[in-house]
Number of protein chains: 2
Amino acid sequence: MTLKQLEAFYWSAILGSFALAAERLFMTQSALSKRIQELELEIGVPLFDRSGPRARITDAGENILSRAEQLLSLRDEIVVAARGPSGLRGTCRFGVSELMAMRYLPSIVAAIRRDYPEVILEPRVAVTKELLEDVEKGETEFAIAPGRSLDPAVISEQICEVPLLWVASPGLFHEDRPVTAEELQHHPIISMSEKAGSTMQLLDLSARRGLRFRRVLTTNSPEAVAVATIAGLGVALLGGPFVERYLTEGKLVRLAVEDRLQVPDLAYCIHWRAENSRVLARKLREISRDICLAGR
Amino acid sequence: MTLKQLEAFYWSAILGSFALAAERLFMTQSALSKRIQELELEIGVPLFDRSGPRARITDAGENILSRAEQLLSLRDEIVVAARGPSGLRGTCRFGVSELMAMRYLPSIVAAIRRDYPEVILEPRVAVTKELLEDVEKGETEFAIAPGRSLDPAVISEQICEVPLLWVASPGLFHEDRPVTAEELQHHPIISMSEKAGSTMQLLDLSARRGLRFRRVLTTNSPEAVAVATIAGLGVALLGGPFVERYLTEGKLVRLAVEDRLQVPDLAYCIHWRAENSRVLARKLREISRDICLAGR
DNA sequence: TGGCTTTACGGTTTTCGTAATCATT
DNA sequence: AATGATTACGAAAACCGTAAAGCCA
């Protein structure tokens, strides 16, 4: 039995596919397949059922999964324990939504650099859904993004709440009373892709209230949305911090809207796979959480 | 990092020497040395201090020792968990004193055969001191022998007590009163080697009381001692069960002795290295203990 | 057919033991 | 001198990737 075999088994079990596991471990399917066969030969029991379209873990495999995971995390701990606390090395991929990146990524990176100078960081800034999918697939160790994952294997711990504001160019609405849904529907909605947290809230709202919005300008940059809104292209639903500056400068105004247009605050969470017990991942996740909770 | 490297590290640390570890792992010093060097290169910290006459573990090495041990025992557990409870395989070396072997070894072997048919047993029957040394050096997983180990890393759990009896041929002593030390010293003492439990008690007695016994017939077979005693060659101090049969047959008589010749009962224990957490070793040790405690 | 897994094969890398060398008592 | 650890080197084994072949939807 070797650590490589156990690692191959572990990721094949977690990702539910040899192909994905091979990709994650930077090797070919062929090599990974053989590793797992050798492990099965070693312990004398099949760990995966190959009869279906993809490899499915067997009962025997389930029985050893948690132990394999413990064993692999002990391997990481050994390195840390030997080198001392600041000797943590390795690479950590994690995801951050654009808003959180804007606010906290510099602090997070600085703190990690200070405590663990040897660690190589691979942060990824993307939209909510992509970040969550990466965590679910084990591509990233954790992600800071709004909402909850539907995958029960993913733990989401709330960090903060961010209000979503309806904003528009100052000239667009003149009445003092709250804007109604009908009035809003006359204008194009400027939003990001359907995988962005704010857009998901928007779609949710339109589904619940039976509204139809005309969305324009496909982009994944909230800044581009803000700029387009300033230009008077339409109205937008954006996270407070993105528009704060423009509101104080008077380039955008916040729209008061009727109750049925109210959107709940975005609950930002830190998400990670429950069974992930890599020391490096846990430490960096905790640092990131603390920084977000402390508000810098 | 590989399991082989960790195993090499573990045994080098436990046995305090590369040479012994290499012997235990059935490989050459050269190969083991290189394995450990590779492990050190991997984690970036020296695990052993080679400046002395033999390799001494460093602080960094101490820090990871327990984790390495946990990791290695997880490896064993994985096999067991995958194969199911009776799928335990592997080889187990253990030591048994001759008396305990006579009484319990058949039952122990039968019970293990029944519960773990795949396990290969390598029992060793020897005298007390050899058995304890084997446990201390990690040569055997556990031993059933009288007395306690002086090594603090060895745990000894008492199983039973066996009386040591002074015996002689019926013709040797005629008086009804207890035999005195002076009378006893006139006869040769038939005993086993100094590494045997009963002989150790004998030597302890002679040291404490300032007696000088004339020991003859060097052997490690209690049966040979009994036979020689029956032949009238001298007196012997033997474990009760060895002489029971001869006493009832009248071939030997138990000598009543004065107080200063009284020898305490031999406390038989099961001994094992505290840090040994091999699943196989633990299970078989527990089976053996239960059989001894139940008296078959 | 197309995604996923296994088999076959070769070339590279790793690993190990022998033998020689170094270091410490 | 003797024990224990390291280095050098050649042989054997393990490992990996490419390419081809099976296998199930």
Side-chain angles (χ1 to χ4, degrees), chain A residues 1-58 60-62 65 72 75 133 136-139, chain B residues 1-62 65 68 72 75 133 136-139:
Chain A
M1 192 186 301
T2 70
L3 287 171
K4 289 184 174 183
Q5 287 168 5
L6 290 169
E7 203 163 35
F9 160 74
Y10 176 75
W11 284 108
S12 299
I14 292 294
L15 302 177
S17 142
F18 286 10
L20 289 178
E23 191 185 343
R24 181 164 223 297
L25 295 172
F26 302 108
M27 59 196 295
T28 58
Q29 272 188 32
S30 143
L32 182 130
S33 168
K34 202 184 278 176
R35 270 195 195 163
I36 292 188
Q37 284 178 60
E38 277 159 5
L39 180 59
E40 291 175 318
L41 194 69
E42 169 91 24
I43 64 179
V45 171
L47 264 13
F48 290 95
D49 170 17
R50 277 94 158 167
S51 67
R54 64 189 56 213
R56 227 184 62 248
I57 192 166
T58 61
E62 284 287 0
L65 183 53
L72 291 171
R75 176 186 57 173
E133 281 166 1
E136 286 159 11
K137 282 190 290 188
E139 287 290 319
Chain B
M1 192 186 302
T2 70
L3 287 170
K4 287 183 174 183
Q5 286 168 4
L6 290 169
E7 202 164 35
F9 161 74
Y10 175 75
W11 283 108
S12 299
I14 292 295
L15 302 177
S17 141
F18 287 10
L20 290 177
E23 191 186 343
R24 182 164 224 297
L25 295 172
F26 302 107
M27 61 195 297
T28 58
Q29 270 189 33
S30 143
L32 183 130
S33 167
K34 203 182 281 178
R35 271 193 194 165
I36 291 189
Q37 284 179 60
E38 278 160 4
L39 180 60
E40 291 175 318
L41 193 70
E42 168 92 23
I43 64 179
V45 170
L47 263 14
F48 290 94
D49 170 18
R50 277 91 159 171
S51 67
R54 64 188 57 213
R56 229 185 59 248
I57 192 166
T58 61
D59 288 347
E62 285 286 1
L65 183 54
L72 291 171
R75 176 186 57 173
E133 281 168 1
E136 286 158 12
K137 281 190 291 187
E139 287 289 319

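A note on names: the letters A, B, ... follow the listed sequences, proteins ahead of strands, and every chain is numbered from 1.
Across L15(B) and G138(B), no two heavy atoms sit closer than the pair CD2-N, 4.2 Å. Here the shortest heavy-atom pairing between R54(A) and S17(A) reads NH1-CB, 4.1 Å. For the residue pair F9(B) and L47(B), the shortest heavy atom distance occurs at CE1-CG, 3.8 Å. Contact between T58(A) and P46(A) at its shortest, heavy atoms only, is OG1-O, 2.9 Å.
Side-chain nitrogen and oxygen atoms of S30(B) include none within less than 4.0 Å of the OP1 or OP2 phosphate oxygen of dT6(D). Here Q37(B) reaches the OP1 or OP2 of dT7(D): one of its side-chain N or O atoms lies under 4.0 Å away. At the phosphate of dT6(C), OP1 or OP2 sits under 4.0 Å from a side-chain N or O atom of S33(A).
The residue K34(A) sits close to a base: some heavy atom pair falls under 4.0 Å. Looking at heavy-atom distances under 4.0 Å, E38(B) makes contact with sugar-phosphate atoms alone, never a base.
Judged purely by atom type and a 3.5 angstrom limit, S12(A) uses its side chain to pair as donor or acceptor with the backbone of A8(A).
For the pair K4(B) NZ and dA13(D) P, the interatomic distance rounds to 13 Å; values are reported in whole Å. Straight-line distance from the CG atom of L41(B) to the P atom of dT14(C): 12 Å, rounded to whole Å. Between the CE atom of M27(B) and the P atom of dA13(D) there is a distance of 16 Å, rounded to whole Å. Atom CD of E42(B) is separated from atom P of dT15(C) by 11 Å (rounded to the nearest Å). Rounded to whole Å, the distance from CZ on R35(B) to P on dA14(D) is 13 Å. Nucleotide dT5(C) holds its P atom 11 Å from the CG atom of L15(A), rounded to whole Å. As rounded to whole Å, 15 Å separates atom C1' of dT7(C) from atom CG of L32(A). For the pair Q29(B) CD and dA19(C) P, the computed distance is 15 Å after rounding to whole Å.
Residue G16(B) is the one, among T28(A) and G16(B), whose nearest nucleotide of DNA chain D lies closer to the 5' end (criterion: closest heavy atom).
Of the listed nucleotides (dC4(C), dG17(D), dA5(D)), dA5(D) has the atom at the smallest distance from the side chain of A55(B). Taking only side-chain atoms of R54(A), from C-beta outward, the nucleotide of dA5(D), dT5(C), dC16(C) with the closest atom is dT5(C).
Enclosure of atom CG in D49(B) by more than 12 non-hydrogen atoms of other residues, nucleotides or ligands within 6.0 angstrom is indicated.
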Do nucleotides 20-25 of chain D as a string where each nucleotide becomes B, S or -: B if the base has a protein heavy atom under 4.0 Å, S if just the sugar-phosphate does, - if no protein is that close.
-> ----SS
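Note on residues 20-41 of chain B: pairs passing salt bridge (charged side-chain N to carboxylate O under 4.0 Å, His left out), not counting sequence neighbours, are E40(B)-R50(B).
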